[in-house]
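Worksheet: the structure to be examined is printed underneath.
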Number of protein chains: 2
Amino acid sequence: MMVTMSASAGTPRATMADVARAADVSVMTVSNVVNDRAARVSDETRARVLAAIDALGYQVNVAARQLRQGRTGVIALAVPDFSAPYYGELATRLADRLAASGLRLVVERTGGALSDELALLERSRLSAYDGLIMSLTRADADDLAEAHATRPVVALGERGMSAGVDHVAMDNVGGARLATEHLLARGARRIAVVGGSLKDGESMSASRTRGHVEALAAAGLAPEPSLVIEGGVDLAAGYAAVTRLADAGVGFDAVLALTDTAALGALAGLSQRGLSVPGDVQVVGWDNTESGAYGVPTLTSVDPDNERLAAEAVRLLLARLDGAASPAEQVVPTASLAVRGSTRSGA
Amino acid sequence: MMVTMSASAGTPRATMADVARAADVSVMTVSNVVNDRAARVSDETRARVLAAIDALGYQVNVAARQLRQGRTGVIALAVPDFSAPYYGELATRLADRLAASGLRLVVERTGGALSDELALLERSRLSAYDGLIMSLTRADADDLAEAHATRPVVALGERGMSAGVDHVAMDNVGGARLATEHLLARGARRIAVVGGSLKDGESMSASRTRGHVEALAAAGLAPEPSLVIEGGVDLAAGYAAVTRLADAGVGFDAVLALTDTAALGALAGLSQRGLSVPGDVQVVGWDNTESGAYGVPTLTSVDPDNERLAAEAVRLLLARLDGAASPAEQVVPTASLAVRGSTRSGA
DNA sequence: CTGAAAGCGCTAACAC
DNA sequence: GTGTTAGCGCTTTCAG
């Protein structure tokens with residue numbers, strides 16, 4: 001361990017009043033310079049003010065500005081979990097698009113509990129942002145409506161919601177049908193659903209499982225409950241699911257994992273058990289992440305149309321920031337399938 | 001697309017004055033209730049105030065509070081890139097530890113450019129946070145010192161810095177030596193360094209490459225420039241590096257990738273080329289991420305001691321928030337090697 | 001083009 | 001226990 005010079009937190013900041021004094025103008029003129037209200041200040045005054053700003057190292061106090069005008073220029077993205085690559089890719093897409101409108105993105109973690117998701121909506125926290133994009137897993141329409149958010153909120157992802165909140169949803173049922181049809185066409189007959197749930201409802205797990213069951217039914221097959229593995233959709237869950245099935249002697253010839261992350265965990269588990277993909281077991285993931293595209297083997301995955309999801313979320317949010325008071329919209333991009341090496345070729 | 005009820009941004013918020021009026025007390029009493037200054041308000045008054053708060057749906061205005069007391073309870077983590085799993089895991093560890101001290105973590109992206117890293121340090125942006133943990137790639141000691149941050153800053157990661165800023169560094173040279181010795185002991189003789197650089201300096205690439213070269217030298221081997229692949233350390237870079245080497249007919253029997261992400265890309269590229277790991281080519285990554293532990297095959301990786309990195313970063317930051325004016329510290333946890341299936345067993 | 005006054009919502013410091 | 005005063009740093013409004 002090395003020890004070097006002091007690391008104190010710096011000088012007390014200069015205020016607009018300090019700058020005004022140094023430049024021998026009023027604070028209002030400083031404010032006009034800082035905010036580029038061009039028409040309102042002469043070139044020569046501006047130069048003097050800028051020099052003073054530079055000399056004092058002045059920076060505006062965002063808290064004061066926000067208190068006065070109520071805006072921050074920052075949008076928050078709330079995700080259940082920092083670690084899943086999908087959310088990282090989502091954040092990247094959103095940040096790029098928002099930057100084009102002069103807005104900054106920061107990412108918060110909700111922890112995936114209902115109470116955490118609602119806490120973010122409390123005005124006390126939301127007020128630090130101009131708007132919120134929320135990747136929901138627990139909260140639903142009624143929760144959001146009750147929360148009476150004071151800033152525009154766009155819900156993203158899983159749940160079928162209908163009321164009061166702009167929502168960019170995923171094509172959960174359609175995507176699961178596509179994936180299942182693809183597997184059936186390639187000879188799979190016993191498909192394990194990692195992260196699935198046979199419960200009713202609009203949760204991500206339930207609606208994707210429903211799409212899967214519909215596709216089975218269309219092919220004259222009945223779902224088998226022992227192949228629907230409830231639990232998480234992270235790496236460990238995918239790994240554990242295939243390992244447990246194999247240990248229990250439950251036969252299966254395909255895996256539909258409800259996230260790419262779970263699918264990668266399943267690939268690891270299958271490899272560990274000496275099962276080949278796609279020879280012994282075919283695997284389909286969900287989200288079409290880059291991490292899946294670089295899997296071994298490369299991962300066939302449901303593509304929820306990530307670019308469109310991001311584009312719509314930003315469009316809806318910008319419209320609200322612009323003051324739009326139109327009814328809430330629900331947008332559901334159509335899912336497709338990105339076919340790669342983890343499922344067999346040909347039909 | 002569906003259209004439902006209105007999604008306006010909600011009611012104008014109630015202020016403390018509104019609550020005070022409703023409860024027939026002063027704003028100061030409301031403030032005391034809201035901030036749990038227990039001793040200063042009777043149970044009966046408190047109940048009345050809480051009822052009013054509930055009835056009006058009051059929430060404190062954080063901007064006003066911040067303007068007054070200068071603190072926000074929020075710590076920012078700045079990372080070059082939202083997508084790399086390593087940063088997600090880092091954010092998770094930091095958020096958990098900070099939560100134990102009642103602090104919230106938000107994640108910002110710097111984009112990995114020097115100007116972006118410095119922009120975050122500008123007081124105008126930093127003032128929204130009580131402190132900043134910065135995963136540096138471009139900025140160094142002098143840059144940070146010049147930035148005169150107004151809040152405590154802890155630098156994290158790659159660069160060897162020495163002055164003025166608390167810094168939790170990685171054991172770049174030591175980790176690279178360990179990894180290289182491990183590969184040499186298992187029979188590797190031609191080790192490709194993905195993301196490496198033979199330039200001088202303290203950059204992540206340069207210092208890890210230096211450790212690698214030192215280990216080669218200790219074994220009486222000379223580095224071969226054609227095996228040091230400059231460029232990125234993401235999935236695509238790892239994939240492209242091994243693909244190009246194979247196409248060019250440059251023989252290699254091992255890969256030292258400077259991140260797990262690049263290593264996973266390399267695994268994908270090797271698999272695609274029909275090369276077996278660890279039979280034909282052994283692979284070592286860096287960061288010891290969960291994503292590597294679930295690779296196919298599971299990834300041997302340099303473990304920078306992630307838990308300790310997070311713990312030290314939080315410890316240093318909390319000390320500064322507490323007002324510590326001690327000299328800047330530099331902490332360098334010792335790296336170790338997590339040995340898994342991508343390198344051969346035995347010695 | 002420039003400035004003075006008022007106040008955003010809150011809390012520290014001090015009365016009572 | 002509770003209230004009063006003052007002011008954090010900025011921008012809106014209106015007067016010059």
Side-chain angles (χ1 to χ4, degrees), chain A residues 11-50 52-53 56-73 122-128 130 150-151, chain B residues 11-50 52-53 56-73 122-128 130 150-151:
Chain A
T11 17
R13 12 187 346 168
T15 73
M16 258 189 192
D18 297 331
V19 176
R21 211 169 302 123
D24 197 25
V25 294
S26 73
V27 286
M28 212 39 240
T29 299
V30 179
S31 174
N32 286 332
V33 171
V34 167
N35 292 285
D36 247 12
R37 284 184 269 264
R40 315 183 119 216
V41 47
S42 69
D43 284 353
E44 135 189 68
T45 309
R46 179 203 318 293
R48 204 147 31 94
V49 171
L50 288 175
I53 285 175
L56 298 173
Y58 170 77
Q59 302 284 149
V60 310
N61 178 325
V62 285
R65 171 183 283 171
Q66 181 190 353
L67 179 58
R68 195 61 242 237
Q69 56 175 29
R71 284 178 299 94
T72 62
E122 278 176 20
R123 302 176 201 205
S124 58
R125 300 185 55 176
L126 193 44
S127 65
D130 288 355
T150 46
R151 311 280 167 158
Chain B
T11 17
R13 16 189 341 171
T15 73
M16 261 189 189
D18 297 330
V19 175
R21 210 169 303 119
D24 197 27
V25 294
S26 74
V27 286
M28 210 43 233
T29 299
V30 178
S31 174
N32 285 331
V33 170
V34 166
N35 292 284
D36 247 13
R37 286 185 268 265
R40 317 182 121 217
V41 47
S42 69
D43 285 353
E44 137 189 67
T45 310
R46 178 202 323 291
R48 204 145 32 94
V49 171
L50 288 175
I53 285 175
L56 297 173
Y58 169 77
Q59 304 283 150
V60 312
N61 179 324
V62 284
R65 171 183 282 170
Q66 181 189 351
L67 181 57
R68 191 61 242 236
Q69 50 175 34
R71 286 179 298 96
T72 61
E122 278 176 18
R123 303 176 202 206
S124 58
R125 300 184 55 175
L126 193 46
S127 66
D130 288 355
T150 47
R151 311 277 166 162

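Chain naming here is simple, since letters A, B, ... match the order of the sequence lines and numbering starts at 1 in each.
Atom CZ of B:Arg71 is separated from atom P of C:dG9 by 21 Å (rounded to the nearest Å). Distance, B:Asn32 CG to C:dC14 P: 16 Å, rounded to whole Å. For the pair A:Asp36 CG and D:dT11 P, the interatomic distance rounds to 12 Å; values are reported in whole Å. Rounded to an integer number of Å, the gap from CD of A:Gln66 to C1' of D:dC8 is 14 Å. Following rounding to the nearest Å, A:Met16 (CE) and D:dG7 (C1') show an atom-to-atom distance of 17 Å. As a whole-Å value, the separation of B:Asn61 CG from C:dG7 P is 18 Å. For the pair B:Asp24 CG and D:dG1 C1', the computed distance is 15 Å after rounding to whole Å. Here D:dT2 presents its C1' atom at 13 Å from CD of B:Glu44, a figure rounded to the nearest Å.
A sub-4.0 Å separation between OP1 or OP2 of C:dC8 and a side-chain N or O of B:Thr15 is absent. Regarding contacts with the backbone of D:dT11, a side-chain N or O of A:Ser31 is found under 4.0 angstrom from either OP1 or OP2. Using a 4.0 Å cut-off, no side-chain N or O of A:Arg68 falls inside it from OP1 or OP2 of D:dC8. Note on A:Arg37: a side-chain N or O is less than 4.0 Å away from OP1 or OP2 of D:dT12. For A:Thr45 and C:dC1, the shortest distance from a side-chain N or O to OP1 or OP2 is not below 4.0 Å. Remark: B:Gln69 is not in phosphate contact with D:dC8, judged by side-chain N or O atoms under 4.0 Å from OP1 or OP2. For D:dT2, the OP1/OP2 oxygens have no side-chain nitrogen or oxygen of B:Ser26 closer than 4.0 Å. OP1 or OP2 of D:dT11 has at least one side-chain nitrogen or oxygen of A:Asn35 nearer than 4.0 Å.
Here C:dG3 is the nucleotide among D:dT12, C:dG3, D:dC10 with the atom lying nearest to any side-chain atom of A:Val25. When distances run from any side-chain atom of B:Val41 to the nucleotides D:dT4, D:dC10, D:dT2, the shortest one goes to D:dT2. Here the nucleotide nearest the side chain of B:Ser42, chosen from D:dT12, C:dC10, D:dT2, is D:dT2. If you check C:dG9, D:dT13, D:dC10 against the side chain of A:Tyr58, the one that comes closest is D:dC10. Across D:dT12, D:dG3, C:dC10, the shortest atom-to-atom separation from the side chain of B:Val60 is found for C:dC10. Residue A:Leu67 has its side chain nearest to C:dC8 when only C:dT11, C:dA4, C:dC8 are considered.
With values rounded to the nearest 0.5 angstrom, A:Arg37 atom CZ is found 5.0 Å from A:Met28 atom CE. In this structure, B:Thr72 OG1 and B:Asp130 CG are separated by 3.5 Å, a value rounded to the nearest 0.5 Å. One finds the CE atom of A:Met16 at 10.0 Å from the OG atom of A:Ser26 (value rounded to the nearest 0.5 Å).
Contact of the B:Val33 side chain with the B:Val30 side chain is not registered, since no non-hydrogen atoms from C-beta on lie closer than 4.5 Å.
Residue whose closest nucleotide on DNA chain D sits further toward the 5' end, between B:Arg48 and A:Val34: B:Arg48.
A:Arg48 approaches A:Asp24 most closely through the heavy-atom pair NH1-O, 3.9 Å. Smallest separation of non-hydrogen atoms from A:Gln66 and A:Ala128: NE2-CA, 3.8 Å.
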